[in-house]
**Q** 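Pasting a structure here, questions to come.
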Amino acid sequence: MKSTIASILSSPNLHQDYNVYGWVKAFRSNRFIALNDGSTIKNLQCVVDFENFDKSLLDQITIGSAIKIFGVLKESEGKGQSVEIEVSKVEVLGLADTDEVKKTILQPKRHSLEKLREQAHLRVRTNTFGAIMRIRAKLSYAVHDYFNSNGFFYVNTPIITGSDAEGAGEMFKVTNLNLKDTPKTTSGDINFKEDFFGKETNLTVSGQLEAETYALGLGNVYTFGPTFRAENSNTSRHLAEFWMIEPEMAFCDLDGNMDLAEDFIKHVLSYITEHCQDDLEFLEQRLLQEEKSKPEKDRSPMPLREKLDFVINNQFKRVSYTEAIDILKNSKPNKKKKFDYVIEEWGADLQSEHERFLVEKHFKCPVILFDYPAKIKAFYMRLNDDQKTVRAMDILFPGIGEIVGGSQREERFDVLKSKMEELNVDQDELWWYLETRKFGTCVHSGFGLGFERLVLFATGMGNIRDVIPYPRTPQNADF
RNA sequence: UCCUCCUUAGCUCAGUUGGUUAGAGCAUCUGACUGUUAAUCAGAGGGUCCAAAGUUCGAGUCUUUGAGGAGGAGCCA
């Protein structure tokens, strides 16, 4: 029977025969094969007595090759591992030619993350990316686990959307018209009536509006799917294609929304600290190594696992926009005009530098900002009684910035309608969204959480392109 | 989209004021090695200096344009 290395190492049966499949990470001293099968970051040491094997066979045990090993599990004579396989049979399943391997990142040495990105099809074989992708998968499981055990239903909102009124950013067009010869209307515009859906369609920028309608029937729902933004943004925190988690809750106000978001984040992070210890330890060491070459002020104040525990065990700081403005106005960098954008008065949109100051310098913990000025937020957010703020909230994380954006939704038909008029949101397009406010409308709330930003935080990585298998960014859709 | 920086061997990088045959470490190959852990030791091979144009007696080095990448800003998750 076939065994994974993870299962062998977690419950080793000494003197038992094992069949193991994997890829050669190293072949030292013509005797020790370090074998990895992806099930864990740990390698299995396989010892061959080379006098009993053909040289031609041993020559094929090269770095990167896929092999099958049969042998008995024994206590290791060497240090560095507790058990090892004494190999009685080796089969080379897929040879990796050393001449070819040396041109790739499979060669056993350190590579820059940029170089690994150029060979994204091979980078999962490295310790770093193996660890990241296992953690990503476990986080994803924890997301579903959390919602399922808290009575949420998973809904699949459409990926192709007919409305361009969601207002969350530039959209990718979806069409099967012949782009070299598009049908025209009498006025010369493209005639989308002849397109596949008979109208202009795009890839979704958010499942929120559809999720809202489902919350108003199923109670608590969430989405977890791909999301597309055609923004020309070229930063370490943006992707054109990313995965977003959007819970939506009926009969829930902003306080309940914040409670849930905080509890949710803590749950999924604590799940991986329990279930991904080896991978987290590796990433923590890698980070410490990397930071040695940085000036002290750029180093993170805590090692990775301590940072995760800190977030799990401490309350997020909840601060209203108005309080935040006061703090910023009276802050040293503002008084000394160190900010590129000096905060003058209430109503200003917070820049990255302000958010970073609040999270990394002032509070030194995750911060939830709420009750933003209505003018700088979206049409669907619930207007407060002061008539100038809305029940919006953003969760800001150190090093990542905004990880969650959410709000209590405007449930009052008249208020929503006039807000849409005011902000020029197409009511004909969103008739169905407005209509939910006519039939048993209720207080409801939700948020969007960028999954990759969560993985970024959980793994301590610095660039969002390194926490998704094949990143899509402006000018890049390789692989 | 804007600002800054980078592009030299398979990889990471050095290359002085513009000067003769462009260097190092790792990786690869060959040999040695029966307890290695990024194995070690000896030897060998390996270059369109991102591309094009220009300045110059002479360009890896200077200028212009272009391509690709990184960091930051904006937009946001």
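A, B, ... follow the sequence lines: proteins, then strands. Residue 1 opens every chain. Heavy atoms only: backbone and side chains are in, while hydrogens, waters and symmetry mates are out.
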**Q** Determine whether a donor-acceptor pair (one donor, one acceptor, N or O, separation below 3.5 Å) exists between the side chain of Gln45(A) and the base of U37(B).
**A** no
**Q** Can you classify the ring geometry of His121(A) versus Phe479(A) as parallel (below 30°), tilted (30 to 60°) or perpendicular (above 60°)?
**A** parallel
**Q** If we take the P atom in both U28(B) and C50(B), what is their distance in whole Å?
**A** 26 Å
**Q** Is A51(B) paired to anything, Watson-Crick or G-U wobble with both distances less than 3.5 Å, and if yes, which nucleotide?
**A** U65(B)
**Q** Locate the shortest heavy-atom distance separating Arg453(A) from Ile464(A); write the atom from each residue and the value.
**A** CG-CD1, 3.9 Å
**Q** Is any N or O donor-acceptor pair between the side chain of Gln81(A) and the base of U37(B) shorter than 3.5 Å?
**A** yes
**Q** When you measure from every atom of RNA chain B, which of residues 396-410 of chain A have a heavy atom less than 4.0 Å away?
**A** Glu402(A), Ile403(A), Val404(A), Gly405(A)
**Q** My understanding is that a pair needs two contacts under 3.5 Å, Watson-Crick or G-U wobble. By that rule, which nucleotide pairs with G35(B)?
**A** none
**Q** Do the ring planes of Phe264(A) and Phe147(A) sit parallel (below 30°), tilted (30 to 60°) or perpendicular (above 60°)?
**A** parallel
**Q** Answer yes or no: are there more than 12 heavy-atom neighbours, outside Lys266(A) itself, under 6.0 Å from its atom NZ?
**A** yes
**Q** Would you say the ring centers of His354(A) and Tyr341(A) fall short of 6.0 Å from each other?
**A** no
**Q** C76(B), OP1 or OP2 - any side-chain N/O from Ser233(A) closer than 4.0 Å?
**A** no
**Q** Classify the ring geometry between Phe172(A) and Phe228(A) as parallel (under 30°), tilted (30 to 60°) or perpendicular (over 60°).
**A** perpendicular
**Q** For Gln351(A) and A73(B), is the shortest distance between a side-chain N/O and OP1 or OP2 below 4.0 Å?
**A** no
**Q** Would you say the side chain of Glu114(A) and the base of G71(B) hold a donor-acceptor pair, judged only by whether the two atoms sit under 3.5 Å apart?
**A** no
**Q** Kindly indicate whether the side chain of Arg453(A) and the base of C76(B) share any N or O donor-acceptor pair separated by less than 3.5 Å?
**A** yes
**Q** Which nucleotides of nucleotides 43-49 of chain B have their base under 4.0 Å from a protein heavy atom (B), which only their sugar-phosphate (S), and which neither (-), written as one string 5' to 3'?
**A** -------
**Q** With no angle test and no hydrogens, is the base of C76(B) tied to the side chain of His238(A) by a donor-acceptor pair under 3.5 Å?
**A** yes
**Q** On the side chain of Arg229(A), is there an atom forming a donor-acceptor pair with the base of A77(B) - under 3.5 Å, no angle test?
**A** yes
**Q** Taking pairing as Watson-Crick or G-U wobble with both contacts under 3.5 Å, can you name the mate of U4(B), or confirm there isn't one?
**A** A70(B)
**Q** Are Phe397(A) and Phe316(A) an aromatic pair by the rule of ring centers under 6.0 Å?
**A** yes
**Q** Please evaluate the base of U1(B) for a donor-acceptor partner in the side chain of Asn232(A) within a cut-off of under 3.5 Å?
**A** no
**Q** May I ask you to say whether Arg123(A) pairs ionically with Asp466(A), meaning some side-chain N is under 4.0 Å from a carboxylate O?
**A** yes
**Q** Taking 4.0 angstrom as the limit, do Lys377(A) and Asp394(A) come out as a salt bridge?
**A** yes
**Q** Does a distance-only test, which skips hydrogens and angles, find a donor-acceptor pair under 3.5 Å between the side chain of Arg31(A) and the base of U34(B)?
**A** yes
**Q** Side-chain N or O of Arg237(A) versus OP1/OP2 of A73(B): is the shortest distance under 4.0 Å?
**A** yes
